[in-house]
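Following: one structure in structure tokens, then a few remarks.
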Amino acid sequence: MKNYKDKSIKTVLLISFSVAVGVSILGYFGIDFFSALLMLVKPPSAVFDWQKALILVAVSAVTGLMTERFCPKTMLRYAAWWLSGWFVVSVIAAQFFETGLLFIPILLTVLLTILFIHLKTLWLIDSALTDSLITLASAGHLLEGKTADLRIESGLRLLETVLPLSEAIVFRRTNDGELHPVGRARSGKTADSLIERQSSWRENVGLCEEALAKRETIVQTADGEEKSARIALPLIYADITVGVLFVQINQNFERDDRNLLEAFSEQLARNFQRKELRGRMLPHESWQSSLSSQSAENRLDIINLVHTNIKEQAFSTLASSYLNEAYAVAYLDGTLAYLNKQIRRFAELSQRDFYEIDLFGLLDRFKTDVFSEPRLAIRRVLQTGDTFQSQLYFAETNRTLDMKISLVKVSFDDQSIHETSVLMKPACFLITFRDISAVKENEKLRSDMASLMSHELRTPITSISGFSELLLADETMSEESREFLTIISHESQRLSKMLSTFLSVSNLEQSDKQEFVKTPVKLDSVVSEVIGDLQENAKRKRIRLVEQANTHLPPVAADKGLITRAVTHLVDNAIRYSPERTSVIISTVLEADFLRVVVEDRGYGIPTGEQDKIWQKFYRVSRDGFDKEEESTGLGLSLVKEIIEQHGGEVEVKSEIGAGSRFSFTLPRL
């Protein structure tokens, strides 16, 4: 594509030299003309020779370069002052010194050079504009795919599925005004004889010609209960007639069917117009094209084609108003490009707000205790490229919205967005909101039911545990009975612990984040407290707890009690599943956007195939030779995962059989 701002010195010098030569030839053969034009600036004895021609070449070159450097308007202003002064000097030299200073040739040289340099710039601009229009019109929609002729077939099939068509014909109007059939669909009964078919064809064509002449839809209905009709619809778009659609319906023709056919006809007209305009050639490579009326008319047609493409692609935006999800598109500078009506309803935007609000103003309308700093979320999305997701609860309306902020990326060149191996660059933000109030209500009902059942089970379990301990106090009991009662007591205690953990997980899932008491928390202090609390347990197994704290950690926004519980579970598991005389290392690490807590042991390890399953509820890793009474409930790691994810972090495990495990979790830094 041409760039009209490119400064071609060779072109400027060539134009300047041509102007100077032309003026020199005129001056050489037209001395009398110059004398008659202005005797004041040229004495009678002056003669035009080749030395003066060189002066004109120099003046033309300087004028051309300066015109290229400045705009013609500015150059004309400078030239007017300079020529005025030169005129005064030329008059004085001619009247008193009998010397000619070439005022007339210089005047013509300066003006003609400015004119031709400006015409050259206009031609380059015109050529660049035409190139841009051709490129823009040639770039079809990503999902356009088929040509106009191929889209006729799919369109007729669509009509057949909706309307009881007897016949449908698509005519295209040729340059000489004749109708040429380019698509046809037939079903049902047709005329048997050749004469009847020819007569029917002539009638149909006549109806189509009448519709073209009147430029309006012609409907001929037949009396009777079947409600049959023959319809001819002109294919007109942007005031250009490109063809006609004929449809025959033998029964059940309704008024709404006409609206559908007219909309379909408009689509066909756009397809044909697009094909016709793309097939036209634009002669814009020569300077004469800037003066060509045909080229100018073709550019107007291309603008119509661009308008057609924009209108079709705008349908996808209009279709979003029918989606249940609310979404907005924002440019990288924070300007909102589009808001569908659902998000305008969620944000309670007035007509005035709709035109004045920006991205941050929109997100401020969805601020909650959890989502209190929209700018931090935007910064994180820009820095990482990852989608930011959060669930927002609004107590005043009892509504829960699932929010996502994504960074939309496009390729660096014109390759399709469907390619997966091209380099991408950020283009805009996509913000979506989904109302999940009903889903959260169902989850709450299930959680309440589980909590109720767990509470109801506690009473009999407590009774079993209490009576078993009471019976164990009887010293006259046999060893066999005592063994059975001991098993009953241990299992009831384990079941009670399982119920307590299960209730914690259920309550945490039910909380929806709004019940969290988030305060600035120092993770190194939490780790130190947990190590102090579990030091006795570690000593009983001769396990050494090693703290690798980072005292320069920034705080995180979290519920200290829940984070302490998560760290406690991880360290307690490491102690429980590590052999004696080993170490458990607890460290805190500062990363780019997160803070990480790592608990590393030298225990038995977890098989690779089970490392993703350990975060599930009630899942326990089976180990040979492991005492059953020491097995976990299978809920501790599930609770840890739920706590961390509710705080916007992630959990991770790396383990090797016989070499130990490395559990860690991350929390977003402030």
Side-chain angles (χ1 to χ4, degrees), residues 442-511 515 530 533-541 543 559 561-562 564-580 601 603-604 606 610 613-643 646 663:
N442 292 334
E443 291 179 356
K444 183 177 183 297
L445 290 176
R446 290 196 300 268
S447 180
D448 289 343
M449 180 63 68
S451 299
L452 178 62
M453 295 300 297
S454 300
H455 282 295
E456 292 297 324
L457 287 174
R458 275 189 169 184
T459 300
I461 291 174
T462 303
S463 300
I464 293 172
S465 178
F467 283 118
S468 62
E469 292 179 359
L470 182 61
L471 292 174
L472 284 173
D474 186 3
E475 298 180 355
T476 62
M477 184 179 300
S478 63
E479 290 298 327
E480 184 178 5
S481 299
R482 183 176 296 277
E483 181 182 357
F484 293 153
L485 285 173
T486 302
I487 294 175
I488 293 174
S489 177
H490 288 173
E491 290 297 329
S492 62
Q493 292 176 5
R494 192 171 70 87
L495 186 57
S496 178
K497 181 180 179 182
M498 181 186 298
L499 284 175
S500 299
T501 307
F502 179 75
L503 281 176
S504 299
V505 176
S506 299
N507 292 333
L508 188 61
E509 291 176 343
Q510 182 179 332
S511 65
E515 295 181 5
V530 171
D533 295 338
L534 298 178
Q535 198 66 250
E536 292 297 327
N537 294 346
K539 288 181 179 179
R540 282 196 293 268
K541 289 194 65 174
I543 292 177
D559 188 307
L562 291 177
T564 302
R565 192 167 186 180
V567 177
T568 301
H569 272 289
L570 293 181
V571 178
D572 184 63
N573 281 355
I575 295 173
R576 183 181 305 174
Y577 300 118
S578 295
E580 295 183 355
D601 61 54
Y604 308 111
I606 304 171
E610 300 187 45
K613 301 177 182 179
I614 61 175
W615 306 104
Q616 301 175 5
K617 295 177 183 177
F618 304 110
Y619 187 84
R620 293 177 294 178
V621 179
S622 59
R623 297 183 179 90
D624 297 335
F626 202 82
D627 295 336
K628 186 175 181 180
E629 61 268 20
E630 292 183 3
E631 291 183 358
S632 69
T633 62
L635 289 170
L637 292 179
S638 175
L639 177 62
V640 172
K641 184 174 185 292
E642 188 67 30
I643 291 174
Q646 292 277 26
F663 287 85

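Residue indices begin at 1 and follow the sequence shown.
- Legend: residues meeting side-chain hydrogen bond (donor to acceptor under 3.5 Å, both in side chains) with Asp533, ordered by chain and number and at least two apart, are absent.
- Leu472 contributes atom CG, which lies 6.0 Å from atom CE of Met477 (distance to the nearest 0.5 angstrom).
- The backbone N or O of Ser489 lies less than 3.5 Å from a partner atom in the side chain of Ser492, making a donor-acceptor pair.
- Take Gln535 and apply the side-chain hydrogen bond (donor to acceptor under 3.5 Å, both in side chains) test, not counting sequence neighbours, and it matches no residue.
- Once rounded to the nearest 0.5 Å, the distance linking CD1 of Ile464 with CG of Leu485 reads 12.0 Å.
- Considering only heavy atoms from C-beta on, Asn573 stays 4.5 Å or farther from Phe663 through its side chain.
- Between Arg565 and Thr568 the shortest side-chain heavy-atom distance does not fall below 4.5 Å.
- Interatomic distance, Phe467 CZ to Thr462 OG1, rounded to the nearest 0.5 Å: 11.0 Å.
- Nearest heavy atoms, His569 versus Val640: CB-CG2, 3.6 Å.
- With contacts defined as side-chain heavy-atom distances shorter than 4.5 Å, the pair Asp601/Ile575 does not qualify.
- A donor-acceptor pair under 3.5 Å links the side-chain atoms of Thr486 to the main chain of Arg482, judged by distance alone.
- At a threshold of 4.5 Å between non-hydrogen side-chain atoms, the residues Leu471 and Phe484 do not count as touching.
- More than 12 heavy atoms of other residues, nucleotides or ligands shown are found within 6.0 angstrom of CD on Glu580.
- Rounding to the nearest 0.5 angstrom, the gap separating the OH atom in Tyr577 from the NZ atom in Lys541 is 9.5 Å.
- At least one donor-acceptor pair under 3.5 Å links the side chain of Ser468 to the backbone N or O of Ser465.
- Atom CD1 in Ile614 sits 11.0 Å away from atom NZ in Lys641 (nearest 0.5 Å).
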